[in-house]
Amino acid sequence: MNSSLIKPQTLKGFRDYLPEAMRSREHLMEVARRVYRSYGFAPIDTPALEYSEILLGKGGDESDKQLFRFTDQGDRDVAMRFDLTVPLARFTAQHLSELGTPFKRYHIGTVWRAEKPQKGRYREFVQCDFDTIGTTANTSDIETLFVIHDLMEQLGFERFTLRVNHRALLNGVLEQAGLADKSAGVLRALDKLPKIGRQSVAEEMTASVGTTADQAETVLRLAELSGSPQELLDQAGQLVQGNETGQLGVSRLNELLAACRKAELPSERIQIDLSIARGLDYYTGTVYETFLNDLPGIGSVCSGGRYDNLAGLFTQQKLPGVGASLGLDRLLAAMEELGLFETVPSGVPVFIPLFDKNHVADYLAVARRLRAAGFGVEVFPDDRALGKQLKYADRKGFTLALIAGDQEFSSGQWQIKHLATSTQETVADADLVATLKRLLA
RNA sequence: GUGGCUGUAGCUCAGGAGUUAGAGCGCCGGUCUGUGGCACCGGAGGUCGCGGGUGCGAAGCCCGUCAGCCACCCCA
């Protein structure tokens, strides 16, 4: 044995994708692209590697710690992007004059975070972001919700819930409770409500954040309002009566609900959830999270929100925006767990077994002819028993097998075998393309 | 970054200090040399994650390391 062999292995949190998984990934990306484009979002890309100063300090200490950061061969301090939003901030600051507003872009790209991997959490994963930059209009907030909804639906999900909240509403409550200066801590605690329960949240607020028990109670009451989205919002509106900030949030959410009704989004998929606060500090308006009803434990698969000033660190120009990010790999992990991997066929419908090795050139030639007519065709390369070849074809999901030996070649015919049913028909070579068109339509 | 659990054939796992490490499924071959999925028969495939230590002896015990999973943290 050879001890100098290198052990094939991947880094922690980094993965290979086999054809089945990769086909599903590509499918998801295609769907995302289609949905984004249908709303007028334009594609962009940015480098995987940025100057560290571009990325540092944008998501708080946490994201700094998760940065893959190193010195390049030219002694530059560089880091790999950990999301697509910060690169977007740099991008818009740099290219604003060429873009014009509102600027709607989508960006599907790999990002890297050096955190401890778990199920649905990797060190390398793909995000599918879309944002609308340069407008404060609630129209864009509403459209963002529509995009998320359509995206999930087009991806083939039926049982999902979009939870929506508005930071202004929360801030209004906090102002009234005299907690404006403690909002970050309070909201972070509040975000955990579904996970750790009201008791623990109240404890965290009083113990770590420093609120009074009454203040914690006020905030929790808001988060625990129940009823239909509209009822919930009406109650919240009463809680922040007379508070301008809070009322702004309420009226924006009211518009959003009205728009959802008018657009006839299934109402059970939209929830006003006042406990959704988002850990990230930079959201200032509407916030969104998307959960799979059948797998809530995996967390949000598509999250986002409105921010006042995307690129304040890069340009004087104030750039408000709203957008969200689909976690492709997390979604894929969820689909795998739910057994939702589509049994996508090989993508190539026609299989030509190497039935008679003296006719290899004939097989290759007809395959090429059929591809020119628009069919996907694969020729088996090895001279193996026909049964084995058909087994391979079956496993790989072909629809038809084209079989021919001396008999067929001498009479100018092909056997077309339907792999799913084992039935077979004979077709003249001249009619081959027309027949395949009919069978594969 | 902190804590816990796990790592034995391609997959799911059993075993557990003492001769050549097992099962099911899968894979390959044969029965079936112009036609797959079934059945029967046969076969290949493992330095028991990797490295070190203790032992007469380690896959098993100890330490380290790598990887996976779970909780915290955070998040897609």
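Chain naming here is simple, since letters A, B, ... match the order of the sequence lines and numbering starts at 1 in each.
U6(B) and A17(B) have their P atoms separated by 16 Å, given to the nearest Å. Straight-line distance between the C1' atoms of G1(B) and A9(B): roughly 37 Å, to the nearest whole Å. Taking atom C1' in both A59(B) and G51(B), the straight-line distance is 15 Å, to the nearest Å. For the P atom pair drawn from C28(B) and C66(B), the interatomic distance equals 38 Å after rounding to whole Å. For the C1' atoms, the distance linking C48(B) with A14(B) amounts to 12 Å, nearest Å. For the C1' atom pair drawn from C27(B) and U12(B), the interatomic distance equals 16 Å after rounding to whole Å. A distance of about 30 Å separates the C1' atoms of G57(B) and C5(B), rounded to the whole Å. For the C1' atoms, the distance from G52(B) to G22(B) is 29 Å, rounded to whole Å.
With RNA chain B read from its 5' end, the first of the two nearest nucleotides for Ala404(A) and Ala385(A) is the one closest to Ala385(A).
Separating the NZ atom of Lys391(A) from the P atom of C38(B) is a distance of 7 Å, rounded to the nearest angstrom. One can place CG of Leu88(A) at 17 Å from C1' of A76(B), the figure rounded to the nearest angstrom. Going from atom CD of Gln389(A) over to atom C1' of G37(B) covers 16 Å, rounded to whole Å. In this entry the distance linking CZ of Arg384(A) with P of U33(B) reads 16 Å, nearest Å. Regarding Asp383(A), its CG atom lies at a distance of 13 Å from the C1' atom of G34(B), rounded to whole Å. The separation between Ile108(A) atom CD1 and A76(B) atom P is 17 Å, rounded to whole Å. Per the geometry, CG belonging to Asp64(A) stands 15 Å off C1' belonging to C73(B), to the nearest Å. The CD atom of Glu124(A) sits 21 Å away from the P atom of C75(B) (whole-angstrom rounding).
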(message) Just to be sure I follow the notation: if a pair is Watson-Crick (purine N1 to pyrimidine N3 plus N6-O4 or O6-N4) or a G-U wobble (N1-O2 and O6-N3), each under 3.5 Å, what dot-bracket string does RNA chain B give, with | for pairs to another strand?
(response) ((((((((.[[[[.)..(...]]]].(((((.......))))).....[[[[[..)....]]]]])))))))....

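Base orientation for G55(B): syn, the chi torsion being within 90° of 0.
The base of A76(B) sits with one of its N or O atoms less than 3.5 Å from a complementary donor or acceptor on the side chain of Glu115(A). The base of C75(B) has none of its N or O atoms less than 3.5 Å from a complementary donor or acceptor on the side chain of Arg113(A).
For the pair Asp45(A) and Phe91(A), the minimum side-chain heavy-atom distance is 4.5 Å or more. Between Arg113(A) and Asp83(A), the closest side-chain pair of non-hydrogen atoms falls below 4.5 Å.
The aromatic ring of Phe125(A) stacks onto the base of A76(B), its centre lying under 5.5 Å from the centre of the six-membered base ring with the two planes under 30° apart.
A donor atom on one side chain and an acceptor atom on the other are found under 3.5 Å apart for Trp112(A) and Glu124(A). Thr245(A) and Asn171(A) are not linked by any side-chain donor-acceptor pair at a separation below 3.5 angstrom, with hydrogens and angles left out of the test. In summary, the side chains of Glu425(A) and His418(A) do present a donor paired with an acceptor at a separation below 3.5 Å, with no hydrogens or angles considered.
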(message) Assess the residue pair Asp329(A) and Arg15(A) against the criterion (salt bridge (Lys or Arg N to Asp or Glu O under 4.0 Å)); give the C-alpha distance rounded to whole Å, side-chain angles, the decisive distance to 0.1 Å, and a yes or no.
(response) CA-CA 11 Å; Asp329(A) 287 284; Arg15(A) 299 162 311 147; 2.9 Å; yes

(request) For the pair Asp429(A) and Arg369(A), evaluate salt bridge (Lys or Arg N to Asp or Glu O under 4.0 Å) and give the outcome as yes or no after the intermediate values. (result) CA-CA 11 Å; Asp429(A) 185 66; Arg369(A) 206 172 93 213; 3.3 Å; yes

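Heavy atoms of Glu408(A) sit under 4.0 angstrom from at least one base atom. Within the 4.0 angstrom heavy-atom criterion, no nucleotide atom of any strand lies near Tyr392(A).
Evaluated for a side chain to side chain contact (heavy atoms under 4.5 Å, CB included) with Arg269(A), the options Met152(A), Glu158(A), Arg159(A) yield exactly one hit, Glu158(A).
Annotation: cation-pi geometry not satisfied between Arg330(A) and Phe125(A) (NZ/CZ under 6.0 angstrom from ring centroid, within 45° of ring axis).
Under the ring-ring contact (aromatic ring centres under 6.0 Å, His included) criterion, Tyr392(A) pairs with Phe351(A), Phe380(A), sequence neighbours left out. Annotation: salt bridge (charged side-chain N to carboxylate O under 4.0 Å, His left out) contacts of Asp131(A) (sequence neighbours excluded): Arg105(A). For Glu26(A), there are no salt bridge (charged side-chain N to carboxylate O under 4.0 Å, His left out) partners at least two apart in sequence or on another chain.
Counting heavy atoms of neighbouring residues, nucleotides and ligands inside a 6.0 Å radius, atom OH of Tyr17(A) exceeds 12 of them.
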(message) What does the B/S/- profile of nucleotides 64-71 of chain B look like, 5' to 3', with a 4.0 Å heavy-atom cutoff to protein?
(response) --SSSSSB

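Comparing G34(B), G30(B), C75(B) against the side chain of Gln407(A) picks out G34(B) as the nearest.
A heavy atom closer than 4.0 Å to some atom of RNA chain B occurs in Gln415(A), Lys417(A), His418(A), Leu419(A), Ala420(A), Ser422(A), Gln424(A), these being the qualifying members of residues 414-424 of chain A.
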